[in-house]
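Computed from heavy atoms alone, side chains included, the values below leave out hydrogens, waters and symmetry copies. Predicted model, so just to flag it, every value in this text is computed and none were measured. The chain is numbered in sequence order, starting from 1.
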Amino acid sequence: MTFKEQIQQGIPDVLPQHKSYDAATNHAPKRKEILSNEEKKLALKNALRYFDAKHHATLLHEFKAELEKYGRIYMYRFRPDYEMKARPISEYPGNSEQAKAIMLMIQNNLDYAVAQHPHELITYGGNGAVFQNWAQYLLTMKYLSEMTDEQTLSMYSGHPMGLFPSHKEAPRVVVTNGMVIPNYSKPDDWEKMNALGVSQYGQMTAGSYMYIGPQGIVHGTTITVLNGFRKIKKSPKGGLFVTSGLGGMSGAQPKAGNIAGCVTVCAEVNPKITHIRHSQGWINEVIEDITLLVARVRKALETNEVVSIAYLGNVVDVWERFDEENLHIDLGSDQTSLHNPWAGGYYPIGYSFEASNEMMANHPEKFKEEVQKTLRRHALAINKHTDKGTYFFDYGNAFLLEASRAGADVFAENHIDFKYNSYVQDIMGPMCFDYGFGPFRWVCASGNPEDLAKTDQIACEVLEEMITTSPVEIQQQMADNIQWIKGAQENKLVVGSQARILYADAEGRIKIAEAFNQAIARGEIGMVILGRDHHDVSGTDSPYRETSNIYDGSRFTADMAIQNVIGDSFRGATWVSIHNGGGVGWGEVINGGFGMLLDGTKEASKRLEMMLFWDVNNGISRRNWARNEGAIFAIKRAMEAQPLLNVTLPNLVDEKLLN
């Protein structure tokens with residue numbers, strides 16, 4: 001069968017050959033056993049409902065074995081034989097170009113060069129899934145190949161509920177992930193519902209089909225590192241940045257350190273992902289011996305070398321040994337997946353990677369105890385460095401939250417706040433999000449690198465024209481973004497699809513997108529898929545990350561994210577998504593995203609202007625109402641540019657009056 005025929009087939013009527021477990025692929029750890037015997041039967045019934053009854057006897061034993069061995073039913077047998085990658089949009093079957101664009105993005109999320117655990121359909125973060133099992137993937141792709149522009153596909157946590165009558169201006173796909181009743185949003189609730197096959201953790205851009213590999217976060221990470229050094233009034237040259245994690249999101253850190261121009265040490269316990277990042281060029285060197293690491297870092301600092309080094313081991317060893325050696329750390333952070341601390345997001349010190357995985361699956365309480373013990377040591381070592389002048393920031397991965405729950409010394413003197421701010425509180429919030437700057441993304445649907453180079457040039461020209469009239473309040477942001485896009489090609493950021501990320505405000509996003517659409521209309525480039533990270537101005541309500549610089553008491557509300565996805569859906573998005581969970585954990589955040597296909601038409605121009613304006617200014621208006629100074633400035637400027645925008649402004653209270 002051809003690729004198109006396989007897509008159109010969906011779930012095959014004849015069972016494919018059983019597939020052996022490929023040990024060379026990076027696999028998800030075994031999930032802990034959480035289902036009762038009756039619940040295991042229910043999980044099997046839930047899995048078998050995808051298949052004709054004639055196959056149930058065969059598949060029952062197979063799925064039962066998967067559930068017992070891995071803690072989940074992935075349906076490995078149904079993993080496609082074709083290469084999993086984003087193909088040019090013309091290679092997909094279907095009746096809708098928008099649906100083809102979504103197929104392209106789904107396959108990009110599962111590309112072996114992009115996905116963390118591709119055979120388990122997990123893109124990043126240890127549990128950020130595109131689908132729960134391979135039957136869902138096959139059925140979804142089939143539906144997309146059949147869809148017309150007058151239908152909408154409804155996706156329930158990876159399960160395609162079906163095609164519904166709709167209309168041309170509606171989204172082609174609406175995605176929800178993990179949208180459970182609030183009282184059932186504890187980590188073990190996710191474990192149980194995911195094992196049953198009824199809910200999944202979509203992370204942010206994993207379950208919304210908009211992940212573009214580590215590049216997706218590297219720009220924001222570069223901005224964070226650059227401004228971290230600006231904050232301590234030191235040049236990155238000759239400076240040291242220490243952190244950990246080399247997964248889908250955290251893997252951007254060493255590349256960002258290189259672009260910023262410092263020495264970066266990034267610890268990672270997983271050998272496979274470490275060597276993958278090294279082979280992809282995201283890290284310069286890998287060192288396993290802590291003594292050799294100390295010597296190598298000293299040499300790099302003495303010569304002002306720009307280098308990124310992966311330490312294959314536990315980051316606590318790095319913090320403790322660098323303290324003993326009096327190696328000064330300028331910037332410190334952590335980006336392990338602590339939103340997922342008991343299922344592979346963070347590993348205890350003193351155990352091998354393999355031994356930790358065995359303990360996690362078979363002795364979960366012991367594993368939790370060792371993780372919390374490690375978190376206490378981790379925080380203690382960081383405190384010793386900050387006493388010597390290190391600037392440490394929480395990278396929004398729930399490090400301080402989980403460390404506090406472990407009893408670590410991370411609280412400020414008031415015993416309410418943390419002693420360290422998050423990077424959003426200190427950098428991204430006041431400098432970027434309040435002004436509307438966030439991670440705008442695009443993917444060249446042709447798969448042609450020449451199209452990507454042309455879009456880079458178009459975006460650069462737009463920004464260079466805009467900066468000539470930009471107000472002084474956003475000159476630094478504009479200059480950083482121009483520098484970024486000019487270096488995008490030489491930094492070799494592409495993994496998987498021909499994609500790019502660029503921090504831009506609403507005006508910049510609209511002007512860049514319109515310039516793309518005009519270039520498509522002229523036949524200069526192929527179609528372009530727009531999107532963004534959920535980690536943005538408006539898409540995410542996350543009290544310890546995206547909205548951590550909201551100080552009016554509304555940090556724990558999620559009106560903004562819900563309003564955002566509803567508003568995007570009727571303003572022209574090709575697909576929309578809303579998730580429970582994300583970079584800081586299940587039950588800790590609500591986040592939403594979108595995708596939009598530009599095809600060179602006037603209709604696309606109308607949609608992009610309407611939707612992108614809302615997608616950014618929704619968040620600025622909320623930040624303005626929270627009395628954030630930059631957001632008040634930004635929303636006033638937006639109202640001057642758009643007469644139909646009329647936002648409620650806060651009346652500021654004199655602090656002397658309150659006191």
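In the displayed structure, Phe556 atom CZ is contacted under 6.0 Å by more than 12 heavy atoms of other residues, nucleotides or ligands. Other residues, nucleotides and ligands contribute more than 12 heavy atoms inside 6.0 Å of the CD atom of Glu62. Within a 6.0 Å radius of NZ in Lys299, no more than 12 heavy atoms belonging to other residues, nucleotides or ligands are found. Within a 6.0 Å sphere centred on NZ of Lys419, other residues, nucleotides and ligands contribute more than 12 heavy atoms. Within a 6.0 Å radius of NZ in Lys272, other residues, nucleotides and ligands contribute more than 12 heavy atoms.
Inspection of the Asn177 and Gln200 side chains reveals an N or O donor paired with an N or O acceptor under 3.5 Å. A donor-acceptor pair shorter than 3.5 Å can be found between the side chains of Asn258 and Asn284. Using a 3.5 Å distance cut-off with no hydrogens or angles, the side chains of Asp334 and Thr243 do not pair a donor with an acceptor. Under the 3.5 Å distance criterion, with hydrogens and angles disregarded, no donor-acceptor pair is assigned to the side chains of Asp330 and Thr390. With hydrogens and angles left out, the side-chain atoms of His159 and Gln132 include no donor and acceptor closer than 3.5 Å. Asp22 and Thr25 form a side-chain donor-acceptor contact under 3.5 Å, judged by distance and modelled atom types alone.
With hydrogens and angles ignored, the 3.5 Å screen pairs no side-chain donor or acceptor of Arg545 with any backbone N or O of Ala398. Remark: the backbone N or O of Thr557 is not paired with any side-chain donor or acceptor of Ser554 at under 3.5 angstrom. Of the possible polar contacts, none joining the Asn564 side chain to the Ala561 backbone as a donor-acceptor pair under 3.5 Å is found. With hydrogens and angles disregarded, a donor-acceptor distance shorter than 3.5 Å links the side chain of Glu66 to the backbone of Tyr74. With hydrogens and angles disregarded, no donor-acceptor distance shorter than 3.5 Å links the side chain of Arg277 to the backbone of Thr274. With hydrogens and angles ignored, the 3.5 Å screen pairs no side-chain donor or acceptor of Thr547 with any backbone N or O of Ile550. A distance-only check finds a donor-acceptor pair linking the side chain of Ser208 to the backbone of Met204 [under 3.5 Å]. Not one N or O on the side chain of Gln280 forms a donor-acceptor pair closer than 3.5 Å with the backbone of Val495. Side-chain N or O atoms of Ser422 include one that pairs as donor or acceptor with a backbone N or O of Gln425 at under 3.5 Å. A donor-acceptor distance shorter than 3.5 angstrom exists from the side chain of Ser538 to the backbone of Gly619, with no hydrogens or angles considered.
Note that the NE2 atom of His385 and the NE2 atom of His328 stand 10.0 Å from one another [nearest 0.5 Å]. Distance CE/Met360 to CD/Glu370: 13.0 Å, rounded to 0.5 Å. Taken to the nearest 0.5 Å, the CD atom of Glu402 stands 13.5 Å off from the NE2 atom of His378. With values rounded to the nearest 0.5 angstrom, Asn397 atom CG is found 7.5 Å from Ser244 atom OG. Separating the NE2 atom in His27 from the CG atom in Asn357 is a distance of 12.5 Å, to the nearest 0.5 Å. For the atom pair OG1 (Thr205) and OH (Tyr124), the distance works out to 3.5 Å, reported to the nearest 0.5 Å.
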- [ ] For Ile283 and Cys266, run side-chain contact (heavy atoms from CB on, under 4.5 Å): C-alpha distance rounded to whole Å, both residues' side-chain angles, the deciding distance at 0.1 Å, then the answer.
- [x] CA-CA 9 Å; Ile283 352 173; Cys266 191; 5.8 Å; no

TODO: Apply the test salt bridge (Lys or Arg N to Asp or Glu O under 4.0 Å) to residues Glu120 and Arg31: give CA-CA distance (whole Å), side-chain angles for both, the deciding distance (0.1 Å), then the verdict.
DONE: CA-CA 12 Å; Glu120 289 77 36; Arg31 307 303 184 183; over 6 Å; no

- [ ] Begin with the C-alpha distance, continue with both residues' side-chain angles, and end with the deciding distance and a verdict on salt bridge (Lys or Arg N to Asp or Glu O under 4.0 Å) for Asp387 and Lys384.
- [x] CA-CA 5 Å; Asp387 286 344; Lys384 289 180 179 179; over 6 Å; no

- [ ] For Gln136 and Tyr50, run side-chain contact (heavy atoms from CB on, under 4.5 Å): C-alpha distance rounded to whole Å, both residues' side-chain angles, the deciding distance at 0.1 Å, then the answer.
- [x] CA-CA 8 Å; Gln136 291 179 346; Tyr50 287 99; 3.0 Å; yes

- [ ] Determine, step by step, whether Gln203 and Tyr201 satisfy the side-chain contact (heavy atoms from CB on, under 4.5 Å) criterion, reporting the C-alpha distance in whole Å, the side-chain angles of both residues, the deciding distance to 0.1 Å, and the verdict.
- [x] CA-CA 6 Å; Gln203 265 283 354; Tyr201 195 96; 3.8 Å; yes

Open item on the list: Set out, in order, the CA-CA distance, both residues' side-chain angles and the distance that settles side-chain contact (heavy atoms from CB on, under 4.5 Å) for Leu240 and Phe322, then state yes or no.
Closed with: CA-CA 11 Å; Leu240 176 59; Phe322 281 21; 4.1 Å; yes

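Val175 and His579 make their closest contact through CG1-NE2, 4.3 Å (heavy atoms, listed as atom of the first residue, atom of the second, distance). Of all the heavy atoms in Asn183 and Asp189, the pair that sits closest is O-OD2, 4.1 Å. Of all non-hydrogen atoms in Asn133 and Ile73, the two that sit nearest each other are CB-O, 3.6 Å. Shown here for Ala28 and Ile122, the closest heavy-atom pair between the two residues is CB-CD1, 4.0 Å. Closest approach of Gly178 to Ser157, counting heavy atoms only: N-OG, 2.9 Å. Here the closest non-hydrogen pair linking Gly344 and Pro29 is CA-CG, 4.5 Å.
Relative orientation of the Tyr395 and Phe393 rings is perpendicular, given thresholds of 30° and 60° on the angle between their planes.
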Please list, one pair per line, the donor and acceptor atoms closer than 3.5 Å that link side chains of residues 310-318 to other protein atoms, with sequence neighbours excluded.
unit_1 : atom_1 : unit_2 : atom_2 : d
Asn314 : OD1    : Val316 : N      : 3.0
Asn314 : ND2    : Tyr347 : O      : 3.1

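Partner Lys192 forms a side-chain contact (heavy atoms from CB on, under 4.5 Å) with one of Leu196, Asn194, Asp188 and no other, that one being Leu196. Partner of Phe399 under the ring pair (Phe, Tyr, Trp, His ring centres under 6.0 Å) criterion, chosen from Phe392, Phe418, Tyr346: Phe392. A side-chain hydrogen bond (donor to acceptor under 3.5 Å, both in side chains) with Tyr420 holds for exactly one of Thr386, Asp426, Asp394; it is Thr386. When each of Trp134, Phe78, Tyr112 is checked for a ring pair (Phe, Tyr, Trp, His ring centres under 6.0 Å) with His119, only Tyr112 meets the rule.
A salt bridge links Glu191 with Arg72; the closest basic N to acidic carboxylate O contact falls under 4.0 Å. Between Asp559 and Arg622, no side-chain nitrogen of the basic residue sits less than 4.0 Å from a carboxylate oxygen of the acidic one, so the salt-bridge criterion is not met. Using a 4.0 Å cut-off between charged nitrogen and carboxylate oxygen, Asp323 and Lys388 count as a salt-bridge pair.
For the pair Arg405 and Trp342, the cation-pi criterion (under 6.0 Å, within 45° of the ring axis) is not fulfilled.
Taking the ring centroids of Tyr70 and Tyr21, they lie under the 6.0 Å cut-off. Phe433 has its ring centre less than 6.0 Å from the ring centre of His535.
Contact annotation: the side chain of Asn591 never approaches that of Ile578 to less than 4.5 Å [non-hydrogen atoms, C-beta and beyond].
A search for side-chain hydrogen bond (donor to acceptor under 3.5 Å, both in side chains) contacts involving Arg321 returns Thr291, Glu325, not counting sequence neighbours.
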